[in-house]
Amino acid sequence: MCTHPLGNPCLLGVQYAAFMTTQSFLNQPQIDAVEHLGSPLLVLAGAGSGKTRVITFKIAHLIREGGIAPRNIAAVTFTNKAAREMKERLAGLLEGKTTHGLMVCTFHSLGLTMIRAEHRHLGYRRGFSILDPQDSETVLRELTQKESSDYDVPALQWRISTWKNNIISPQQAQTQVEDDTSFNQAKLYARYQRQLLAYNALDFDDLIMQPVHLLSQYADIRQRWQHSIRHLLIDEYQDTNVGQYLLMKLLMDKRDGLTVVGDDDQSIYAWRGARPENISLLGRDFPNLKIIKLEQNYRSNDRILKTANRLIANNPHLFEKQLWSDQGLGDFPRIIPCKSPQQEAQHIVGDILRLRFKRRDNFSDYAILYRSNHLAKPLEQALREHHIPYKLSGGMSFFERAEIKDLIAYLRLLVNPEDDPAFLRIVNTPRREIGPATLEKLGIYATQRNKSLFMASQELGFTQQLPTHARLRLEQFSSWLQAMKNRTANENPANLTRRVIDDIAYADWLRNTSKNQKTAQKRLENVQELLDWMARLTAEKNASAGLSDIVGHMALLDIIDRHQDERTIDAVNLMTLHAAKGLEFSCVWIAGLEEELLPHHSSLDGAQLEEERRLFYVGITRAKEHLTMSFAASRTRYGEQLACRPSRFLDELPQEHIVWADEVTRTNSTKTRETGKAHLANLKAILDH
DNA sequence: ACGCCACCTATTTTT
DNA sequence: TAGGTGGCGT
């Protein structure tokens with residue numbers, strides 16, 4: 001074993017010494033994983049065991065030692081943030097070495113790249129658009145309005161997404177349905193797909209599904225991509241869904257260059273299609289699969305790990321894992337019973353102030369986690385009272401903001417004249433007094449002739465049907481668009497965008513439509529930020545990036561670095577347990593540990609209960625040094641004051657390693673060694689009376 | 001285009 | 001209970 005760096009025979013060779021000293025060293029299983037070649041590899045990496053380090057070092061190893069060209073390596077993550085961080089770490093490792101052609105991106109971005117190259121086989125034309133879920137909802141609304149006005153569009157959207165995630169075609173869907181409702185949904189699915197093709201547009205799910213079709217239907221395409229991607233590395237493998245699994249399988253085809261890293265105990269996204277069982281499928285589909293476990297945790301102290309281990313031992317496991325740490329036992333994780341959410345919040349805030357005074361660290365080292373968003377409210381209130389800065393995760397992302405979506409819609413339309421959803425979004429933004437009557441006529445004309453709205457709006461055959469004033473306005477808009485479009489080939493994307501903004505007097509429009517000055521200001525800043533990004537991006541890519549490249553990736557948000565404001569603000573982190581995955585904090589509070597909240601009342605049995613347990617597990621393993629868990633004895637829910645029971649998961653913790661604080665009885669003492677079970681019984685008695 | 005009222009619902013959310 | 005939404009009236 002070589003956990004110690006000095007005089008160590010099992011480092012990755014002297015060549016690595018140079019950058020190993022600036023990075024951290026690897027332990028033996030990590031080295032095994034990095035150096036393993038010759039068969040597909042599954043790395044079962046516990047929380048905090050350095051899985052990303054394994055992937056980045058392995059990529060570096062492949063390039064430096066294996067003589068593999070970067071363009072033959074692809075590393076796939078689930079979030080843009082993870083991809084960005086991986087790129088940064090790689091840049092550190094491979095200083096000087098060229099990484100040209102190396103792909104470090106999300107599954108969706110990989111899919112987009114493939115579709116870009118092969119779109120003709122799918123019947124798409126270049127410049128196709130990516131619709132976000134809001135756009136596709138609008139398309140579905142339009143499609144269903146003709147049937148009935150009160151159609152359950154979200155249910156349909158969810159259904160279609162599930163089909164696509166499972167790589168089920170509209171035709172297959174129609175043969176598989178059980179009842180009238182779903183038969184109807186399957187028919188609408190088919191119409192939706194036709195509609196997208198007509199718009200020359202794809203939705204997010206298509207970015208996985210279409211590449212799977214391409215690879216499974218065309219042997220030559222499959223061979224080309226298999227030749228191109230010789231090494232595929234996948235992070236957070238437990239989160240792959242059916243489509244992503246198939247994509248991986250088609251790309252690798254039993255070859256040796258596959259490395260997947262995952263943790264079945266951190267699978268918390270089954271509810272949206274993730275298949276943690278893909279971990280066991282791997283052994284079936286890749287018979288010579290090598291498995292390496294990473295069990296040393298570099299994040300937390302041992303009491304926190306013992307707490308996590310004991311909890312998760314209540315779940316069935318295919319591969320047993322025991323996290324351990326050499327960082328000492330550390331403090332006792334604490335459980336704080338509280339009377340109310342308000343008292344709970346007060347307690348946490350008091351804790352934070354006390355700890356920060358004692359530790360002299362940053363607010364950003366602290367996180368408060370909870371199962372669902374509404375639990376943040378009392379916490380926010382208490383933090384505000386005490387003037388503690390906090391950062392709330394969730395909320396509207398940059399690209400969901402109306403002003404950003406407007407501008408992207410303009411760009412989308414310039415790249416793809418068939419993009420009717422984009423046309424409809426901007427035709428009256430800002431106001432051009434092109435009303436519903438005109439648009440309806442335009443729509444009918446376009447549909448009859450199988451043309452896009454933009455194209456139809458330029459045709460004399462159509463505009464001559466309109467009353468003079470409407471005709472003039474539409475002609476003006478349409479010819480302006482055409483003029484802009486003619487510039488797309490030569491002008492750089494950032495300048496073109498600026499020109500659009502100026503021409504449409506977008507700043508004025510934002511000022512006029514915003515509720516107050518402050519929001520107007522904020523929106524203008526967002527627009528400026530978008531412009532800056534585009535300018536930077538164009539500069540970086542040596543102007544080789546066409547507008548269509550940029551616009552395509554904008555929909556995926558993956559070219560944007562948004563960490564600048566996050567790193568400067570020192571604030572306590574408030575987030576859901578889901579949002580906390582992959583992060584770590586010195587001190588963590590988990591609030592609202594009550595039955596019906598965690599486990600959530602809709603997930604009280606079977607596989608769902610196990611996922612709730614994993615969610616708690618993820619929360620616990622975020623903490624490096626301090627862990628505090630709390631619950632309230634009563635809580636207002638749906639307008640009613642309800643008594644709450646502590647979460648069953650608290651009973652599953654190793655009581656010898658945790659401390660229950662006595663808040664309910666209002667004594668401030670803590671009982672260190674009393675067994676929690678007895679304590680819980682006490683508490684229940686108190687709560688009953 | 002906007003504002004008001006009545007009604008409905010209430011888990012997690014990336015791309 | 002509260003916040004978001006859809007319909008309606010101005």
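From a predicted model like this one, the values you see are computed outputs, not experimental measurements. So you know, we letter chains A, B, ... as the sequences are listed, proteins then strands, and number each from 1.
Using a 4.0 Å cut-off between charged nitrogen and carboxylate oxygen, A/R425 and A/D135 do not count as a salt-bridge pair. A salt bridge does not link A/R645 with A/E596: every distance from a Lys NZ or Arg NE/NH1/NH2 to an Asp or Glu carboxylate oxygen is 4.0 Å or more. Salt bridge annotation for A/E344-A/R635: present, with a cationic side-chain nitrogen under 4.0 angstrom from a carboxylate oxygen.
Distance check on atom C1': C/dG3 versus B/dT14 gives 25 Å, rounded to whole Å. Rounded to whole Å, the separation between the P atoms of C/dG4 and B/dT11 comes to 15 Å.
Annotation: of the two residues near DNA chain B, A/T576 and A/N428, the 5′-most nearest-nucleotide partner is A/N428.
Between the side chains of A/W163 and A/Q185, not a single donor N or O lies within less than 3.5 Å of an accepting N or O.
Rounded to a whole Å, the CD1 atom of A/I590 is 17 Å from the P atom of B/dT12. Rounded to whole angstrom, the span from the NZ atom of A/K81 across to the P atom of B/dT13 amounts to 14 Å. Whole-Å rounding puts the A/W271 CH2 to B/dT13 C1' distance at 4 Å. If you measure from atom CG of A/L369 to atom P of B/dT12, you get 14 Å, rounded to the nearest angstrom. Atom CG in A/L604 sits roughly 13 Å away from atom P in B/dT11 (whole-Å rounding). Following rounding to the nearest Å, A/I208 (CD1) and B/dT15 (C1') show an atom-to-atom distance of 8 Å. Across the protein-nucleic acid pair, A/Q238 atom CD and B/dT14 atom C1' stand 14 Å apart, rounded to whole Å. Atoms CG (A/L609) and P (B/dT11) sit 17 Å apart, rounded to a whole Å.
As judged by a 4.0 angstrom heavy-atom cut-off over every strand, A/D239 is placed among residues making no nucleic acid contact. A/S602 comes within 4.0 angstrom of a nucleotide base, judged by non-hydrogen atoms across all strands. Counting any heavy atom pair closer than 4.0 Å across all strands shown, A/R635 reaches no nucleic acid atom. Heavy atoms of A/K377 sit under 4.0 angstrom from primed sugar atoms or phosphate atoms, though from no base atom.
OP1 or OP2 of B/dA1 sits under 4.0 Å from a side-chain N or O of A/R431. For the OP1/OP2 pair of B/dT11 and a distance below 4.0 Å, the side-chain nitrogens and oxygens of A/N373 include no atom meeting the criterion.
Nearest nucleotide to the A/P133 side chain, out of B/dT15, B/dT12, B/dT14: B/dT15.
Each of A/N165, A/I160, A/N241 was checked for a side chain to side chain contact (heavy atoms under 4.5 Å, CB included) with A/D205, and the lone residue meeting it is A/N165.
Stacking here means ring centres nearer than 5.5 Å and ring planes tilted less than 30 degrees, and by that measure A/H108 does not stack onto B/dT15.
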